[in-house]
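Here is the naming used below: chain letters follow the sequence lines, and residue numbers restart at 1 for every chain.
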Number of protein chains: 2
Amino acid sequence: MAETRWLNDREMRAWDGFLAASALVNRRLDQQLKDDSGLSHPQYEILVRLAAAPGRELRMTELANGLINSKSGLTYQVTQMEKAGLVRRRSCPSDVRGVFAVLTNAGSARLEEAAPGHVATVREVLVDVLTPEQLDVLAEGLGEVGRRLRGRTG
Amino acid sequence: MAETRWLNDREMRAWDGFLAASALVNRRLDQQLKDDSGLSHPQYEILVRLAAAPGRELRMTELANGLINSKSGLTYQVTQMEKAGLVRRRSCPSDVRGVFAVLTNAGSARLEEAAPGHVATVREVLVDVLTPEQLDVLAEGLGEVGRRLRGRTG
DNA sequence: TCCCGGCGGTTCGAATTTGAACAAACCTGA
DNA sequence: TCAGGTTTGTTCAAATTCGAACCGCCGGGA
């Protein structure tokens, strides 16, 4: 076991800041979405992804790989959203095992309804707090962080 | 309702990056801690805070305000950790309602044991991925984000 | 002294999350 | 054609989370 390289002051401040911001932002987002739209953050993310997907549908696995949650977690959420009429399941014609999650019109409407408030909160808690230069650094740095982590199974 | 100011490309990239990194980093951290030390990330955070506190003890409320989780969530975790012998409850002499969470020697030992692996992972997923300049921007920018959010009740 | 609003923690129930186990279908190579 | 390993999505039990309700206690003012 090599000698531990502890974090110096600069590194510690960055790490603490990241961790705290991460927790607080997520909490706030969840709260705002639930209060204003009755959607959880994971559910909102699913709607966004489906809305952006060609044909407004995605395979369960693709959806899970996005980042949201584990496979089983996704199954749960999609089931909930299906009950709420926001999403519909469609079996894949070329692979019997496969399942598409399809965005319904109701789901699309719900998303459009929730989006403005969500964006406003995103600005309030993060985007409008930072300068354009800071935003660029964030995009580049954290983008790389995410890229390196993506692909690991959970 | 004012016109919605949607996110431009730069803002979107920053936001996506932040969100993805946040989720992925947290997932990875949780996994590493659990695998190597049998601690959850919340539990690790509690140990760190207590270790840094004068007398190695903190009031429940102070601990909850840190950021971890809701009051009830903290009650749950402290109970778990008490069962595991990592922490002990001590009632506050000057206020019957008050409760201190106190770090035990076992808790302290457990933390020292877990820390090297944790720090290594923190470096691997974030700190060593970024340049010193990026770390500074992160610390400053996200520090401000956190500061603005802190103090809201969950 | 007594009353009342607020604080500190816990308890409760409901919702959500996760990993492991599972069953079925797919695909590759012999 | 067939065996074997892999992929897909679901099910299951267990752990964790949250918010709301709750109880007892604190402190200030009448």
Using whole Å, report how far [atom1] of [X] lies from [atom2] of [N].
X	N	atom1	atom2	answer
Met60(B)	dT11(C)	CE	P	10 Å
Leu74(A)	dT11(D)	CG	P	13 Å
Glu62(A)	dT8(D)	CD	P	10 Å
Asp35(A)	dC18(D)	CG	P	15 Å
Leu58(B)	dG9(C)	CG	P	11 Å
Glu82(B)	dT10(C)	CD	P	9 Å
Asn65(A)	dT8(D)	CG	P	8 Å
His41(A)	dT16(C)	NE2	P	15 Å

### Task
Please work out which residues in residues 88-102 of chain A have a non-hydrogen atom less than 4.0 Å from an atom of DNA chain D and list them by number.
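Nucleic-acid contacts, sorted: Arg89(A), Arg97(A), Gly98(A), Val99(A).
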### Query
the helix from dT1(C)-dA30(D) to dA30(C)-dT1(D): angle between its terminal axes, five pairs each, to 10°?
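The angle separating the two end axes equals 10°.
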Tell me, do [X] and [Y] make a side-chain contact under 4.5 Å, heavy atoms counted?
X	Y	value
Asn26(B)	Ser22(B)	yes
Glu45(B)	His41(B)	yes
Leu138(B)	Val137(A)	no

### Query
What about Ser72(B): does its side chain form a donor-acceptor pair under 3.5 Å with the base of dG19(D)?
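Such a pair exists between side chain and base.
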### Task
Would you indicate, yes or no, if dG9(D) has its OP1 or OP2 atom less than 4.0 angstrom from a side-chain nitrogen or oxygen of Arg59(A)?
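For Arg59(A), the contact criterion (side-chain N or O under 4.0 Å from OP1 or OP2 of dG9(D)) is met.
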### Salt-bridge contact Glu11(A)-Arg123(B) (side-chain N to carboxylate O under 4.0 Å)
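Yes, this pair counts.
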Pair up each side-chain donor or acceptor in residues 105-117 of chain A with any protein partner under 3.5 Å, not counting sequence neighbours, and list the distances.
residue: Ser108(A); atom: OG; partner: Arg56(A); partner atom: NH2; Å: 2.9
residue: Arg110(A); atom: NE; partner: Ser37(A); partner atom: O; Å: 3.3
residue: Arg110(A); atom: NH2; partner: Ser37(A); partner atom: O; Å: 3.0

### Task
Only one of Arg49(B), Arg90(B), Arg89(B) passes salt bridge (Lys or Arg N to Asp or Glu O under 4.0 Å) with Glu57(B); say which it is.
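Running salt bridge (Lys or Arg N to Asp or Glu O under 4.0 Å) over Arg49(B), Arg90(B), Arg89(B) with Glu57(B) returns exactly one hit, Arg90(B).
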### Query
Got a sec, which pairs hit ring pair (Phe, Tyr, Trp, His ring centres under 6.0 Å) with one end in residues 77-129 of chain B, sequence neighbours left out?
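Every ring pair (Phe, Tyr, Trp, His ring centres under 6.0 Å) pair that includes a residue of residues 77-129 of chain B, provided the two are not neighbours, is Tyr44(B)-His118(B).
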Could you go over nucleotides 13-16 of chain D and give all protein N or O partners under 3.5 Å, atom names and distances?
residue: dT16(D); atom: OP2; partner: Tyr76(B); partner atom: OH; Å: 2.7

#### Entry: Listed partners of Asp30(B) passing salt bridge (charged side-chain N to carboxylate O under 4.0 Å, His left out), at least two apart
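Residues passing salt bridge (charged side-chain N to carboxylate O under 4.0 Å, His left out) with Asp30(B): none at all.
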#### Entry: Atom of Leu47(B), atom of Leu103(B) and distance for their closest heavy-atom approach
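Here Leu47(B) and Leu103(B) meet closest at CD2-CD1, 3.6 Å.
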### Message
With a 6.0 Å cut-off (strictly less than), is the heavy-atom count around CD of Glu82(A), excluding the residue itself, greater than 12?
### Response
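For Glu82(A), atom CD is crowded (more than 12 foreign heavy atoms under 6.0 Å).
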### Query
So with a 6.0 Å cut-off around CD of Gln80(B), is the heavy-atom count from everything else above 12?
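Yes, CD of Gln80(B) has more than 12 neighbouring heavy atoms, counting only those of other groups under 6.0 Å.
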